[in-house]
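Report on the following structure.
Just so it is clear, the model here is predicted, and its values are computed rather than measured.
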Amino acid sequence: MGVSRHFRFSFIAVFTLCMVVALSSCSKKDVVADEPAINPSGAAGAGAGGTAGGNETGSAGEAGTPSSDLTTVHFGFDSAVLSGESKRELKQNAAWLKKNPNATVQIEGNCDERGTVEYNLALGQRRADAAKKFIQHLGVDGSRISTISYGKERPVDSGHDESAWGKNRRDDFVVTSK
């Protein structure tokens, strides 16, 4: 019986060690996810060129910068559902894309500061995908639209109230080529 107990103890020790290693490996993924996203210009942190109020749009111009011709779309709390206002704005963006058939855009999904990094990255992706799908249904080729989520890493308003959070729950539209 001594050998059996020794074998069982060794097995439990090895199993426990493997579990500790596996669990510590999982926690390292959070460190990577917390790193700030890099915007297309290579700068970390700040928003995509919007203003602090209303419908943010950037300046028109070079590829990789937000276009003043494309409107930022906003979302409700914890939602990727397009409101009536969002659909009207997306129709305008689709019309611009149809008038500029060589242009490609990237839809950047963003969230407010509440929730985990992982949850907000997933929610931001659902928001970007919802906008892309709607624009495709309006007749714009999906190959001209890419999506990315920045989660809560690129707020346009750093406040901690509903006014700020409402501005940060958005899809930004960046022209990637003209």
Side-chain angles (χ1 to χ4, degrees), residues 26-58 63-94 96-97 103-138 140 142-177:
C26 292
S27 66
K28 290 181 182 177
K29 291 178 183 175
D30 291 340
V31 173
V32 173
D34 285 336
E35 292 178 3
I38 304 298
N39 70 23
S41 68
T51 62
N55 291 330
E56 297 88 354
T57 55
T65 60
S67 172
S68 61
D69 298 316
L70 298 172
T71 304
T72 296
V73 176
H74 291 88
F75 292 86
F77 172 69
D78 195 30
S79 176
V81 175
L82 298 170
S83 67
E85 182 178 348
S86 295
K87 289 177 182 178
R88 284 188 295 279
E89 292 165 338
L90 288 172
K91 286 177 184 177
Q92 293 173 1
N93 289 354
W96 184 89
L97 285 164
T104 59
V105 297
Q106 178 170 274
I107 303 174
E108 301 176 342
N110 296 275
C111 301
D112 64 41
E113 66 185 14
R114 298 171 290 179
T116 65
V117 170
E118 295 82 8
Y119 180 81
N120 282 316
L121 284 170
L123 178 58
Q125 190 63 52
R126 287 194 306 273
R127 289 174 173 169
D129 290 343
K132 177 180 178 177
K133 183 177 179 181
F134 188 82
I135 290 173
Q136 283 180 276
H137 281 31
L138 295 174
V140 177
S143 67
R144 297 175 55 203
I145 306 167
S146 63
T147 62
I148 190 168
S149 175
Y150 289 108
K152 60 183 178 179
E153 301 302 321
R154 293 180 43 171
V156 293
D157 189 324
S158 59
H160 305 288
D161 58 16
E162 185 55 44
S163 173
W165 296 331
K167 295 171 191 166
N168 293 330
R169 296 188 302 256
R170 70 191 192 284
D171 279 346
D172 290 322
F173 290 76
V174 175
V175 176
T176 53
S177 70

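- With R126 contributing its side chain and A80 its backbone, the two residues share no donor-acceptor pair below 3.5 Å.
- When atom types are taken as modelled, the side chain of N120 and the backbone of E118 share no donor-acceptor pair closer than 3.5 angstrom.
- Between the side chain of K132 and the main chain of S146, no donor-acceptor pair closer than 3.5 Å is present.
- No option in D172, N110, N93, D171 other than D172 meets the side-chain hydrogen bond (donor to acceptor under 3.5 Å, both in side chains) test with T72.
- Between L82 and K87, the shortest heavy-atom distance links the atoms O-CE, 3.7 Å.
- Side-chain N/O atoms of Q125 and T147 include a donor and acceptor closer than 3.5 Å.
- The shortest distance between side-chain heavy atoms of I135 and K133 does not fall below 4.5 Å.
- Distance alone, capped at 3.5 Å, places no donor-acceptor pair between the N168 side chain and the P155 backbone.
- The heavy-atom pair separating R154 from R170 by the smallest distance is O-NH2, 2.7 Å.
- With sequence neighbours excluded, the residues satisfying side chain to side chain contact (heavy atoms under 4.5 Å, CB included) with S79 are V81.
- Here the rule is side-chain contact (heavy atoms from CB on, under 4.5 Å) with L97, and of V140, D69, T104 only V140 fits it.
- For the pair K167 and D157, the tightest heavy-atom approach, listed with the atom from each and the gap, is NZ-OD2, 3.2 Å.
- Proximity of a side-chain donor or acceptor of S86 to a complementary backbone N or O of H74 within less than 3.5 Å is detected.
- No side-chain heavy atom of E108 sits under 4.5 Å from any side-chain heavy atom of F173.
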